[in-house]
Chemist: 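I have a structure I would like to understand better, so I am pasting it below and will then ask my questions one at a time.
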Amino acid sequence: MDLKKTTTDNGHYHIIYVRDDGSAIMSNADDGHIHIIEPKVNESTGEIYYYITPEEDHSHEVVEIELELDKEDKIYQKNDDLVYEGGVLLNQAIEIEKDFRRRGRRCSDFYVGKQYKPSDIEKLNEDQRAAIVVNEVMPIVHALSGHQRQNRTDIKTFPIEKADPRGAEIADILIKFILEKANYAQHESNAFIDQVVVGRGLIDVYVDFFDNIEGDIRAVKFKWDDIFFGPHENEDLSDLEYLIKTKWYSFSKIKSLYPDLSDDIDILTKNLPIPDDSIRSKLPGDPYKNPDNILSSAYVNGESLVDIEKKNIRLLELWKKVYKEYKILVNTEDEDNHFVYEKSKYLSRKDLNLAKRIPGMELRSVPFWQMQIITFVGGKVVDKRIAPLKDFNVIAIYASKEYGYIQGKVEPLIDLQEEINKRHSQAIDVINRANNDVIFYDDETFSDDNERKKFNKNANKPGFTAQLRDINRKVPVKWERARFPSELVNMRELASAKMKEISGVTPEVLGQESNAKSGVAIARRLRQGLITNDYLFDNLSIAKKRLGKILIKIIQDTFTVDRIMKVLHNQNAKEPFQLQDASGQKVNFSDIDESFVREFLKNIDFSDYDVAISESANSPTKNLDRFTTISEMMSTGSFNPITIDLMKSAGLISPSDAEKYNQMLQQQQQASIQEKQLDNQSQAERTLIAQGLDPRTMQPLPGKQ
């Protein structure tokens, strides 16, 4: 089913509705006349065309409807209004995230070892104490990061409803190709560290045309505090209305990117107005406009937009949803299959009104939203456009986000880490002081002042001499200080143990020795230690699933048939794969008719496919787990068909591995039976020989007759 139109005659035209069976009907003209449409077949080409019978002394020809494709692809809002709105939204987002950013930066400092405040270091220096840092936070983060790296997951697609499974197979190959080319695994692991440390990691997905005119899809880590999010509760950002991405550029680079801004940046850096508190507190909807441009200030709500010392300026990119509605044509005349004209929003108003005259055709209001992107530099709009992707291209990987409170693994450990540093510093100070005993003497102890000075210098050194007035009466008296208190060690060890307990990162997870001796026990303790951190990896999988959905949408807009074929051939040369052929059978890709694949790709709609996350079948952690378990079971003789079946059910081994191990056991049993039979036969032969009989003939041996 489709819509077409007629050519114009006598100042009017008609809209035509073509049904699935080939019949067609048109809208009536203003004077009420209508034409009969007869479908005919072109004998030379076999194509169907439509003949319009004359009415009112005229006729028409059938043509395609002209679509106004850029009708909704522009931002008509004035730049001054956009700048004001951008300033208000930035101010609001900074206010929402202010507490999270303060806590996140503190967590980042503790992770890298910056664990003392300047005032604390100054006080320790006054007390002649060392600011010792024993960073137990970093190994905990690295242990979790190592587990993530060894157990990476894959993005898998699957067809929705009746979609062709070949599309899912091709989408898998394309996603794998894109992520490998973008070195995504490394970016994901770096974003995971942000997730663990501050509570939120970010992945930015975009199409890069710098090195490839066709565009390369990138998925890279974005700095955790370079995006300001509007209010939202859902971790998948489904209820987010806007965000602001920021990036620092040097003055010279921003001038080269936007030459028209050169004078404005010079003026901006010489005179930087800072808005007062009343301006900062304004929210969207207030009947108020800032007389000064907030985005041309040095700071907005405490966040720097210009760094004069480093000669840097911050580019701001506002992504916001804008809600609208359009009229869509729906024909309810066909009971079995209603017709919905998906391109209705691109029709002119006159075409819509004419189409409404077709019997059964209705106009319905459909709400929709666009993703608008407005770029600001120094309080000026430098770009504004509609994003082809109706979604935020940022993937947020949250650790914990409950009741709006974002938290990673480091924040609950800060107090304990400070306790460890404090006790370690205190212990060293006690040791340094305890090494020097206290010695008492009076004015008559030494023979002269030089001897007193020599004594003070060498009293705590081994082997020295001192001249006294009277060794029987005025000998210096030594008083030994109390030795190192064990309580300091106990308190430090208690804090260290509590850190591992709270973080859920046990000695096994850290790769340290523990009271678990056997391989099975170590593997079990390792899994138990990771249970309390499963939410981190689960949230990462949820975020990665959203990444897969975004990639599918971008692939639909970016990859042509020729480019997909090129990727398929390259991947097949690298790692041969199979694909369903025309008969539905899985065959090697190199054996499939290329024209068949091309024809399939011409009509494919990747939006008909959803994504899932599957854990890799093999990883270093899983392989080691299997090795230690199986080795220990073999050494104890408990490796049998029953335990193999249990291991298969627990997911430790695959069904194919279980079958292989069972075959191996059967071969071992047969070899053992054969060996026992040979041993029994050898024993019987020795017995016969001892009796004087030949085992082969059962006759007396020579000399035994």
Side-chain angles (χ1 to χ4, degrees), residues 1-20 24-31 34-35 37 49-50 52 60-79 81-82 85 207 209 215 318-333 338-375 381 383-391 393 553-561 602-607:
M1 294 184 282
D2 197 7
L3 288 184
K4 297 182 181 297
K5 67 186 296 187
T6 69
T7 54
T8 301
D9 191 279
N10 294 330
H12 75 279
Y13 63 91
H14 305 263
I15 300 296
I16 299 174
Y17 171 42
V18 180
R19 302 187 181 94
D20 280 341
I25 187 173
M26 68 167 54
S27 63
N28 61 312
D30 292 338
D31 60 4
I34 194 170
H35 300 263
I37 307 174
Y49 69 96
Y50 293 92
I52 298 178
H60 304 269
E61 292 183 3
V62 178
V63 295
E64 297 295 329
I65 291 182
E66 296 176 1
L67 301 176
E68 300 177 2
L69 295 179
D70 62 343
K71 188 176 181 181
E72 300 292 346
D73 295 338
K74 294 181 181 179
I75 300 176
Y76 297 100
Q77 200 171 353
K78 293 180 179 179
N79 285 357
D81 294 335
L82 291 174
E85 181 183 18
V207 182
F209 295 96
L318 170 63
W319 290 58
K320 64 172 183 175
K321 294 177 180 177
V322 177
Y323 294 89
K324 299 183 177 181
E325 70 172 21
Y326 66 90
K327 302 295 184 181
I328 190 168
L329 288 166
V330 178
N331 192 297
T332 59
E333 189 178 64
H338 291 180
F339 169 71
V340 177
Y341 191 62
E342 300 291 347
K343 302 174 184 177
S344 298
K345 65 179 180 179
Y346 300 119
L347 293 180
S348 67
R349 185 181 300 275
K350 185 175 181 180
D351 286 352
L352 285 172
N353 290 332
L354 283 175
K356 192 171 62 172
R357 298 177 181 178
I358 297 174
M361 198 74 73
E362 298 178 4
L363 271 179
R364 295 181 182 175
S365 295
V366 177
F368 76 104
W369 58 269
Q370 298 174 325
M371 183 65 73
Q372 294 186 357
I373 307 174
I374 302 97
T375 306
V381 175
D383 187 34
K384 54 183 179 181
R385 66 188 189 277
I386 304 297
L389 179 68
K390 283 185 56 176
D391 198 353
N393 71 333
K553 294 175 183 177
I554 297 179
I555 287 171
Q556 184 78 31
D557 295 333
T558 306
F559 279 73
T560 62
V561 172
K602 286 180 183 178
N603 303 310
I604 191 172
D605 184 358
F606 284 113
S607 63

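Because the structure is predicted, anything quoted here is derived from the model rather than measured.
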Chemist: Checking side-chain polar atoms at under 3.5 Å, does Thr375 have a donor or acceptor matched by the opposite partner on Lys384?
Modeler: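 No pair is found: no donor N or O on one side chain lies under 3.5 Å from an acceptor on the other.
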Chemist: Return the CG to CD1 distance between Asp383 and Ile373, rounded to the nearest 0.5 Å.
Modeler: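 Output value for this atom pair is 8.0 Å.
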Chemist: Applying side chain to side chain contact (heavy atoms under 4.5 Å, CB included), name anything that partners Pro367, two or more places apart in sequence or on another chain.
Modeler: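 Checked Pro367 against side chain to side chain contact (heavy atoms under 4.5 Å, CB included); zero matches.
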Chemist: With sequence neighbours excluded, tell me which residues meet side chain to side chain contact (heavy atoms under 4.5 Å, CB included) with Glu362.
Modeler: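 Per chain and number, Glu362 pairs via side chain to side chain contact (heavy atoms under 4.5 Å, CB included) with Thr332, Arg364.
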Chemist: Measure the OH-CD1 distance between Tyr50 and Ile37 for me, rounded to the nearest 0.5 Å.
Modeler: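 With rounding to 0.5 Å, OH (Tyr50) is 8.5 Å from CD1 (Ile37).
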Chemist: Report the distance from atom OG of Ser27 to atom CG of Asn353, rounding to the nearest 0.5 Å.
Modeler: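 With rounding to 0.5 Å, OG (Ser27) is 10.5 Å from CG (Asn353).
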Chemist: Is Asp351 salt-bridged to Arg349, going by a charged N under 4.0 Å from an acidic O?
Modeler: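 Between Arg349 and Asp351 there is no salt bridge, as every charged N stays at least 4.0 Å from the carboxylate O atoms.
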Chemist: Supply the atom-to-atom distance Asp9 CG to Glu61 CD, rounded to the nearest 0.5 angstrom.
Modeler: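 Separation between the atoms: 10.0 Å.
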Chemist: Atom CG in Asn393, atom CD1 in Ile554: separation rounded to 0.5 Å?
Modeler: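 Spacing of CG (Asn393) from CD1 (Ile554) equals 7.0 Å.
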Chemist: Quick one, Met371 with Leu389, criterion side-chain contact (heavy atoms from CB on, under 4.5 Å). Give me CA distance, side-chain angles, the key distance, then yes/no.
Modeler: CA-CA 7 Å; Met371 183 65 73; Leu389 179 68; over 6 Å; no
Chemist: Give a yes or no on whether Gln77 atom CD has more than 12 heavy-atom contacts from other residues, nucleotides or ligands under 6.0 Å away.
Modeler: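 Yes, enclosed.
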Chemist: Holding to side chain to side chain contact (heavy atoms under 4.5 Å, CB included), I want the full list of residues that pass it with Val63, two or more places apart in sequence or in another chain.
Modeler: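 With neighbours one apart ignored, the set is Lys5, Thr7.
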Chemist: With sequence neighbours left out, what residues match Asp31 under salt bridge (charged side-chain N to carboxylate O under 4.0 Å, His left out)?
Modeler: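 Result, salt bridge (charged side-chain N to carboxylate O under 4.0 Å, His left out) vs Asp31: none returned.
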Chemist: Suppose we screen for salt bridge (charged side-chain N to carboxylate O under 4.0 Å, His left out). Which residues come up paired with Glu64, at least two apart in sequence or across chains?
Modeler: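 Glu64: salt bridge (charged side-chain N to carboxylate O under 4.0 Å, His left out) contacts with Lys4.
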Chemist: Find out whether Leu354 and His14 are in side-chain contact, i.e. whether some heavy atom of one side chain is under 4.5 Å from a heavy atom of the other.
Modeler: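 No, every pair of side-chain atoms sits at 4.5 Å or beyond.
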Chemist: Of all residues at least two apart in sequence or in a different chain, which pass the salt bridge (charged side-chain N to carboxylate O under 4.0 Å, His left out) check with Lys78?
Modeler: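 Salt bridge (charged side-chain N to carboxylate O under 4.0 Å, His left out) check on Lys78 returns nothing, list empty.
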Chemist: Do the numbers put Lys390 on top of the ring of Trp369, so that NZ or CZ is under 6.0 Å from the six-membered ring centre and no more than 45° off the axis?
Modeler: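 Verdict for Trp369: a cation-pi partner in Lys390.
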Chemist: Between Arg19 and Asp2, does any NZ, NE, NH1 or NH2 come within less than 4.0 Å of an OD or OE carboxylate oxygen?
Modeler: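 A salt bridge is absent here (no side-chain N lies under 4.0 Å from a carboxylate O).
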Chemist: Hey, what do you get for NZ (Lys327) to OG (Ser344), rounding to the nearest 0.5 Å?
Modeler: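 With rounding to 0.5 Å, NZ (Lys327) is 11.5 Å from OG (Ser344).
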Chemist: Looking at side-chain heavy atoms only, is the closest gap between Leu347 and Leu329 below 4.5 Å?
Modeler: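 Heavy-atom side-chain distance check passes, below 4.5 Å.
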Chemist: Can you confirm whether Met26 sits close enough to Arg357 that some side-chain heavy atom of one is under 4.5 Å from a side-chain heavy atom of the other?
Modeler: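 Not touching, per the 4.5 Å side-chain cut-off.
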Chemist: For Phe368, does the six-membered ring have the charged nitrogen or CZ of Lys345 within the cation-pi criterion, i.e. under 6.0 angstrom from the centroid and within 45° of the normal?
Modeler: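 Here Lys345 passes the 6.0 Å and 45° test against Phe368.
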